[in-house]
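The next block holds one structure in the form of structure tokens; read it before the comments.
Since this is a predicted model, take the numbers as computed values, not measurements.
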Amino acid sequence: MNPILPTQNEVKEMFSQAGRALISRPRIIVSPQIQSVAKMKQDADATKKLLDLIGLTIDRLFGGDMVRVARWLGYSDTVLRWVQASPRLDSQNVLVRSDLYDDHGLLKILELNLGSSVGGLVEASLHAVVLKLPSVSGFVRKCEAEWLDVLKEWAWITARSYLSHHSDPLLAFVESEFSMPGMQSTLNRMAAKFHEITGIRVMVCTPRELERRNDGLYASKGKVDVIYRLFDIEDLQRAPSEFEHILDALENRLVDMPMGISSRIAGSKVMFALLSDPAYQVGFSEEDMEWIRLHIPKTRLLTIGNKDYALCKREQLLIKPADGYGGAGIICGWKTSEADWRVQIDSYLYSSSCEARAVVQERVNPSSGPVVIANEEGMVYEEQASFLWGCYLFGNRHIGHILRTKKTSDDSVINYTNGAAMGPVFYNKGGEGTDAREITAHFMP
């Protein structure tokens, strides 16, 4: 497909009309990415399969107890208290985004992100924004393409799953003081969309704006019924006192916080090592082990026992922090000298008594193709790019896709941290006579 190439004037008008929706998003993919329903279903089924396998692994190795998982991973007592407030993974009611490469026609899942801090929801819902470009809207109409509004699906499922039993509930998006400056515009957008769709009261705040009273947590809009957690493990370890009153309210069952820290830990990169390393596969069926071999990149804990493997396979490996997110802390062996690679490995192995601080994962080659990128300065340009697809599930329902890309000449990983372009994904039926909402049996209306 030849990429759509809007004019600079069209792009400037798009950014102007979009307003807050495009704040701090300088690289947007504006050539429409149209997937088949069959491909969407394949991605959604694989994501659900992986989530089930992670749940099975937690059950087999840790008796289903996320406190045991967290303790084995070496988290501090502060984090363990948060896990104890929600000691089980509720895989039936969790937001999930899988990050997938198409490796010569074979689907490979690089990561599975779980919980309320899963990102990219706004970028995955920019269909209406890019459709402001006449060339794009014309092409989408010609292809009879449709789309899923990820934010809309997310809002309805959140409301139904966590707020339906409250009378006139108040939902608080809570982010740390440290991260709020960079997240404020995105969270305001999400909150506005949530209220527009559901009519439920919602606010964005930091822990400092919440007051612990005898019967719960209060904010400027009243008593908070549900906390939608955006703060992360790093925040809890950096400034535990900032969140103490929230934890106290949780422990006393005075406020709900679905998708708590347990879900975040279940998305640890370590889970990929436990799945793909034969040393931990006892209890898996032959079918499951074959599926893992095909779809999960070979991943190993970065331990002293695996040090020689990590050193000799440098050009085929990445180091990933166990609890990293957004691509932070990833080190590509093929872009690192032997000496620096050894230093990085030793820094993980000998700076902590915990052997599960990082993993090494085999390099996977993504598919590539032409895309058109636009930014708010009005620049429009075509580039040959590598593709990283993101598939969202919420409560086992597929709610949409996102695409992230980087120039093929830049052979680093594709993520938000290193400047990947992002954009929404459309779908068409491809003559299959089915709708994307039929990917799962219980799609939200």
Side-chain angles (χ1 to χ4, degrees), residues 27 50 73-74 97-103 108-115 117-120 123 179 182 232-235 237 264-277 296-303 306-307 309-349 351-352 354-368 385-390 402-422:
R27 281 167 43 85
L50 179 54
L73 288 171
R97 190 196 71 226
S98 60
D99 292 344
L100 311 107
Y101 277 167
D102 181 348
D103 182 14
K108 293 278 189 178
I109 308 181
L110 280 71
E111 294 185 10
L112 194 68
N113 305 274
L114 279 71
S117 59
V118 169
E123 291 81 1
S179 300
D232 217 332
I233 293 173
E234 189 176 79
D235 298 306
Q237 296 181 134
R264 176 71 179 82
I265 290 175
S268 168
K269 313 299 185 295
V270 169
M271 293 300 166
F272 277 58
L274 298 183
L275 287 170
S276 67
D277 189 336
I296 304 299
K298 183 178 179 180
T299 308
R300 297 292 183 265
L301 295 175
L302 184 52
T303 63
N306 287 330
K307 181 177 179 179
Y309 164 75
L311 289 173
C312 72
K313 295 290 186 180
R314 171 180 59 84
E315 293 188 353
Q316 289 82 47
L317 295 176
L318 308 88
I319 297 175
K320 292 185 173 183
D323 59 358
Y325 59 95
I330 292 178
I331 304 163
C332 303
W334 60 92
K335 297 174 72 70
T336 308
S337 69
E338 286 188 32
D340 287 345
W341 184 250
R342 181 181 290 273
V343 168
Q344 294 288 352
I345 288 174
D346 286 347
S347 71
Y348 275 107
L349 293 181
S351 63
S352 170
C354 175
E355 288 194 338
R357 294 185 61 236
V359 300
V360 285
Q361 188 176 79
E362 69 174 346
R363 181 183 186 181
V364 180
N365 295 312
S367 58
S368 62
S386 300
F387 292 169
L388 173 62
W389 301 95
I402 188 173
L403 175 64
R404 284 161 287 171
T405 68
K406 291 213 69 179
K407 291 177 65 173
T408 52
S409 58
D410 181 353
D411 61 351
S412 60
V413 294
I414 305 170
N415 55 51
Y416 177 81
T417 301
N418 63 20
M422 294 182 278

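Taken from CD1 in I330 to CD1 in I319, the straight-line distance is 11.0 Å, to the nearest 0.5 Å. Atom CG of D346 and atom CG of L311 lie 7.5 Å apart (nearest 0.5 Å). One distance of note links CG of L349 with OG1 of T303; it measures 7.0 Å at 0.5 Å rounding. Remark: F272 CZ to L50 CG distance equals 4.5 Å, nearest 0.5 Å. L388 contributes atom CG, which lies 8.0 Å from atom CG of L403 (distance to the nearest 0.5 angstrom). T336 contributes atom OG1, which lies 10.5 Å from atom CD of E315 (distance to the nearest 0.5 angstrom).
In terms of heavy atoms, L100 sits closest to L110 at C-CD1, 4.5 Å. The two atoms that bring V360 and Y309 nearest to each other are CG2-CE2, 4.1 Å, heavy atoms only. Taking every heavy atom of both residues into account, R264 and S117 meet most closely at CD-OG, 4.0 Å. The heavy-atom pair separating P297 from Q361 by the smallest distance is CB-CG, 3.7 Å. Looking at every heavy atom in both residues, S268 comes nearest to A322 through OG-O, 3.2 Å. Nearest heavy atoms, L302 versus A310: CD1-CB, 4.1 Å.
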Please determine whether side-chain contact (heavy atoms from CB on, under 4.5 Å) holds for the pair I265 and I233, giving the CA-CA distance in whole Å, both sets of side-chain angles, and the decisive distance to 0.1 Å.
CA-CA 9 Å; I265 290 175; I233 293 173; 3.8 Å; yes
Walk me through whether R342 and K307 qualify under side-chain contact (heavy atoms from CB on, under 4.5 Å).
CA-CA 9 Å; R342 181 181 290 273; K307 181 177 179 179; 4.3 Å; yes
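The closest side-chain heavy-atom distance from T299 to D277 is not below 4.5 Å. At a threshold of 4.5 Å between non-hydrogen side-chain atoms, the residues F387 and S367 count as touching.
In this structure, D103 has no salt bridge (charged side-chain N to carboxylate O under 4.0 Å, His left out) partners at least two apart in sequence or on a different chain. Applying the salt bridge (charged side-chain N to carboxylate O under 4.0 Å, His left out) rule to D99 yields the partners R97, R404; only residues at least two apart in sequence or on another chain are considered. Partners of K313 by salt bridge (charged side-chain N to carboxylate O under 4.0 Å, His left out), not counting sequence neighbours: none found.
By the 6.0 Å contact criterion, CD on E338 is open, its count of non-hydrogen atoms from other residues, nucleotides or ligands being 12 or less.
Within the 3.5 Å criterion, the main-chain N or O of S276 finds a donor-acceptor partner in the side chain of R300. One N or O on the side chain of D235 and one on the backbone of D232 form a donor-acceptor pair closer than 3.5 Å.
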